[in-house]
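Notes to accompany the following structure.
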Amino acid sequence: MALFPSSWHRARDGFLHFADLLWFLEVVVNFRTAFMERGAPVSDPMRIVANYARTWLAIDVVAAWPLILAPEGFHGAMMVVKLLRIAKLVHLLDRLQRELRWGAIL
């Protein structure tokens with residue numbers, strides 16, 4: 001008897017695919033999202049791309065890559081990279097907090 005029923009595995013896989021899709025969409029959005037530099041917003045598309053490429057792009061692409069398409073033997077490493085999403089989430093929450101504080105000052 002299996003530890004988890006196959007319906008649980010299907011639900012888990014469905015959730016993981018949905019999360020991968022959302023992460024991929026987040027990568028696309030980041031190419032169009034301004035960032036702050038020395039207290040001023042930067043909205044130049046080329047500078048946005050360069051900044052994103054220097055910071056989170058590689059991690060985001062690997063994290064968004066579906067496990068089903070990962071080469072054999074790399075699933076463990078892919079899961080570790082996917083866990084880096086937590087670090088990104090902490091970064092995004094910090095950024096949101098700063099933006100909300102900045103908006104309250106105006």
Exercise. When you look at CZ of Phe35, are more than 12 heavy atoms from neighbouring residues, nucleotides or ligands closer to it than 6.0 Å?
Worked result: yes
For this session: Return the minimal non-hydrogen interatomic distance between Ala64 and Asp20, and the atom names on each side.
Result: O-CB, 3.7 Å
Exercise. For the residue pair Ala34 and Ser43, what are the closest heavy atoms and their distance?
Worked result: CB-CA, 4.2 Å
For this session: Answer yes if Trp65 and Phe31 sit in the same cluster of Ile, Leu, Val, Met, Phe, Trp and Tyr residues linked by side chain heavy atoms under 4.5 Å apart, and no otherwise.
Result: yes
For this session: Measure the spacing between CG of Asn51 and CE of Met36 and express it to the nearest 0.5 Å.
Result: 12.5 Å
For this session: Determine, using the 4.5 Å side-chain heavy-atom cutoff (strictly less than), whether Val61 and Tyr52 are members of one ILVMFWY cluster.
Result: yes
Exercise. Are Val29 and Ile59 connected in a single hydrophobic cluster, I mean Ile/Leu/Val/Met/Phe/Trp/Tyr linked by side-chain heavy atoms less than 4.5 Å apart?
Worked result: no
For this session: Of all the heavy-atom pairs spanning Thr33 and Ile48, show the shortest one and how long it is.
Result: O-CG2, 3.3 Å
Seminar exercise, completed: Nearest heavy-atom contact between Leu57 and Val27 is CD1-CG1, 4.2 Å
